[in-house]
Amino acid sequence: MTGGARARRREAMQRLDEWFAGRGWRPLRFQKALWRRYLAGESGLLNTPTGSGKTLAAFGGPLLEVLGAAAASAEPGSRAKPRRTPSRPLAVLWVTPLRALANDTVRALREPIGELGLDLAVGMRTGDASARDRRLARAGKLDVLVTTPESLSLLLSYPDSAGHFSGLRCVVVDEWHELLGNKRGVLLQLTLARLRRLSPDLRLWGLSATLGNLDEARDVLLPHRPDAPIVTAARARRVTVTTLLPEEGERFPWAGHLGLSQLARVVAAVQGARTSLVFTNTRSQAELWHQALSAVWPGRPGDIALHHGSLDPKLRAATEAGLRDGSLRCVVATSSLDLGVDFPEVDRVFQVGSPKGVARLLQRAGRSRHRPGEAGQVTCVPTHALELAEYAAARVALAEGRIEARRPPVLSVDVLAQHCVTLALGGGFDAAGLYREVRGTHAFAALEPAAWQAVLDFIVQGGRALENYPDYRRVVRGEDGIYKVEDRRIAFRHRLSIGTITSDGAVSVKFLRGGGLGSVEEGFIARLRPGDHFQFAGRTLVLVRLESMTAYVRLARNASGQVPKWQGGRMPLSSELAHEVERQLASPGDVPEMRAMAPLLRLQERLSGLPGPGKLLVESVKRRDGRHMFVYPFAGRQTHEGLAALLALRWGRRTPNTFRYAANDYGLVLTPAQDLEPDADLLRELMSPEGLRQDLEESLNLAELARRQFREVARIAGLLPPSLPGRAVRSMRQLQASSSLLFDVLQRYDPDHLLLRLATEEVWSTQLDVQRLQEALADCARRRIELHAPRSLTPLAFPLWAENLRSGELSTESWKARVQRAAAELERRHGG
DNA sequence: GACCTGCTGCGGTTTG
């Protein structure tokens, strides 16, 4: 650095200090550290909790440059502002996963940016961004643009985008941990690779919460900078976890997930706080808790509100506003409030039911007392007894800083295909150059030439089986070798379907006069008849009529009705937490939760035995409804499901039989239709890691799983038509039909199609998580099998037994044998 | 002596 440059930098730092001082702020150490690295031309990852000054930390660098430029051009002592000229290209791009965060960031930056004579806008979907912002973003006449990964991808689909991005100095990726582990993150990786090519010198900073794999998070964001720094905010925010414990002698439910038995305690606690957030794990649970709290709340009826992902955005916005201005006392919410704008008024957070993961509990606790220096707080509300151990486990894991990792997906060729069409639309690409660029990302570093060619073939002609359909011939390779989109209709449709979030058609719920309430699943509303009551959006409603995917309703005068259920994610307990639960049960720590659990654990021990890291607890219980074999590997629900199917298949192979099975986060249960007594040797054999893949293939209906996965993959890759704006929403059944048809056609005529292969691969890796299953088997093999035959269901067994009542079965018995057995049973019962 | 879940996120103006 020359002396002049150093002087300019010093002056810029000084001006930034003044600028901060003018607002009554003092830059923190990590903020200054970040600015110095930025000025040295570095890229990196900033690891900090939300609300810790990260926005200004990340923005300070670009700000410094502007101030530096101003200082360089200004007369000594003057405060001349840089003037925007039409020729100046976009300098800073801020990417955030949430529209709400984008708007918030703009609010935070608008004043200082404006003061410097710079132009800032948020560029995104109509309705949120002003027409001016959209115009400026498209035209590239901005200094700073705040946007989402999808909108950014959209910008790349316009041919003039390259020019706008060529002068880019800095890209900030906010909440990178939220994108890292999913396909939105993959799309962003591809987009960033493109930006790096358009502006090779740009600096890239990611902002991330603490993760189990921060190094990997850095490598995925910055594959071109292997040793990029990770800057950590000096001090992590402290978090206090407390639990609403049962009274002495009070008995807790052994199973169940609603937790309404704790209502009175929660109401008392909410009354004692200024503003509370009550987090639940599911939307229907949020509806139920909102209803229950409102029914017994002694204050104003308007004090309590509801927030979840199926509510109309307007209702959600109103609730968020109430939280911001402190007019609400309590909001019942799902993960929809995990992220987003901060609410300093919230001083108490409740978590109803299982925390599911350490990161998740930490995130939720972080929503409370969001003021500098104050510790976050969360109060856990158990819905059944075993959850006490989960809270204890979460606290231990938290104290030891064991936060879950988020694994980045690789080789998601559906996203790649979408990105290629976007670029073909945005001025076109040459295959060799793009291949190099794409290989520069973490997600596609291992992309083979053949796979790349398959992606190109796919966007050019849809694949062998589809080449006769013009709709699938989206991209044309010109004589100059450049891949382009020529059809305007295809361009329009592609822009509509940019992004990786796929959601199935839902029925929107509206008042007759037009006010929207949100959406429910088709299956739920289909079960209702006009005049039926149901609970939704915190109200009791009457269905008036159902018309083209819209349910028209009016308010019910009284009465209650069913609460909708949504088919959502499965949310298994993280392995970190599951294994810590096992340790807690084996040797309870000296914490209140485990003390409260002591009687239950004594009962478990007396009836059977306690689990423990070195052993595999197995219980064989004979009851009137049959024999049940319970196994507790503590490997998380998903793994146990696969394991149960596997054991059922293998056991049935030895002795033809029919098995029911069920799984939860702690273990699994197998119920043979014909009594069979398990022994340790048999179990060893059933759990052999050998032949795992083949056996799973045989035991699960993989074709059906792949068919479902294919729908998602095909939508991202652009094989399924998007629902067009202004037209009636396609119903889920229609979409399923067209996806299913495609699936069949491809399977028959083009079984190697890249999307079929991807769908199958995703079933193995994400739905079955074959790797975790393999590890669980290996882990079980290392353990000593401890087989008990308790005379009744144990506390660990009971929830599984209850679960079993509603779960599937697998049979290796011939149909004839089953019919004969059923007949014999009838005979026995009714006398033959 | 008990009881039965399942999250979140985004995106637009062509042609018939």
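We name chains A, B, ... by the order of the sequence lines, and we start the count at 1 in each one.
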Distance, rounded to the nearest Å, where [X] contributes [atom1] and [N] contributes [atom2]:
X	N	atom1	atom2	answer
A:Leu386	B:dC3	CG	P	13 Å
A:Asp338	B:dC7	CG	C1'	8 Å
A:Asn182	B:dG9	CG	C1'	8 Å
A:Gln285	B:dC4	CD	C1'	13 Å
A:Glu150	B:dT8	CD	C1'	12 Å
A:Asp665	B:dC4	CG	P	16 Å
A:Gln351	B:dC7	CD	C1'	12 Å
A:Trp801	B:dA2	CH2	C1'	9 Å

Base, sugar-phosphate, or nothing for [X], non-hydrogen atoms under 4.0 angstrom?
X	result
A:Lys565	sugar-phosphate
A:Arg316	sugar-phosphate
A:Ser284	sugar-phosphate
A:Thr282	base

Taking 4.0 Å as the cut-off, does a side-chain nitrogen or oxygen of [X] come that near to OP1 or OP2 on [N]?
X	N	answer
A:Arg493	B:dT15	no
A:Thr334	B:dT8	yes
A:Thr500	B:dG9	no

What's the closest nucleotide to the side chain of [X] if the choices are [options]?
X	options	result
A:Arg489	B:dT15, B:dC10, B:dG6	B:dT15
A:Thr148	B:dT13, B:dC7, B:dC10	B:dC10
A:Phe492	B:dG9, B:dT14, B:dC3	B:dT14
A:Trp566	B:dG9, B:dC7, B:dG11	B:dC7
A:Arg488	B:dT13, B:dG6, B:dT15	B:dT15
A:Ile501	B:dA2, B:dT8, B:dC10	B:dC10
A:Ser335	B:dG9, B:dT8, B:dC10	B:dT8
A:Arg99	B:dG11, B:dT8, B:dC7	B:dG11

What do you reckon, do A:Phe798 and the base of B:dA2 stack, with centroid distance below 5.5 Å and planes below 30°? yes
Heavy-atom nearest pair, A:Leu585 first then A:Phe634, reads CD1-CZ, 3.7 Å
On DNA chain B, check which nucleotide each of A:Gly499 and A:Tyr158 is closest to and give me the residue with the more 5' one. A:Gly499
Judged by each residue's nearest nucleotide on DNA chain B, which is more toward the 5′ side, A:Arg283 or A:Arg495? A:Arg283
Which residues pass the side-chain contact (heavy atoms from CB on, under 4.5 Å) test with A:Lys183, sequence neighbours left out? A:Ser412, A:Asp414, A:Val415, A:Thr500, A:Val713, A:Ile716, A:Glu762
Do the ring planes of A:Tyr632 and A:Phe630 sit parallel (below 30°), tilted (30 to 60°) or perpendicular (above 60°)? parallel
Where does the angle between the aromatic ring planes of A:Phe536 and A:His308 fall among parallel (under 30°), tilted (30 to 60°) and perpendicular (over 60°)? tilted
Before accepting this row, confirm whether a basic side-chain N of the pair A:Glu178/A:Arg406 lies closer than 4.0 Å to the acidic partner's carboxylate O. yes
Report all side-chain donor-acceptor pairs from residues 309-317 of chain A shorter than 3.5 Å, counting only partners two or more places apart or in another chain.
residue, atom, partner, partner atom, Å
A:Ser310, OG, A:Arg283, NH1, 2.9
A:Ser310, OG, A:Trp566, NE1, 3.1
A:Asp312, OD1, A:Lys314, N, 2.9

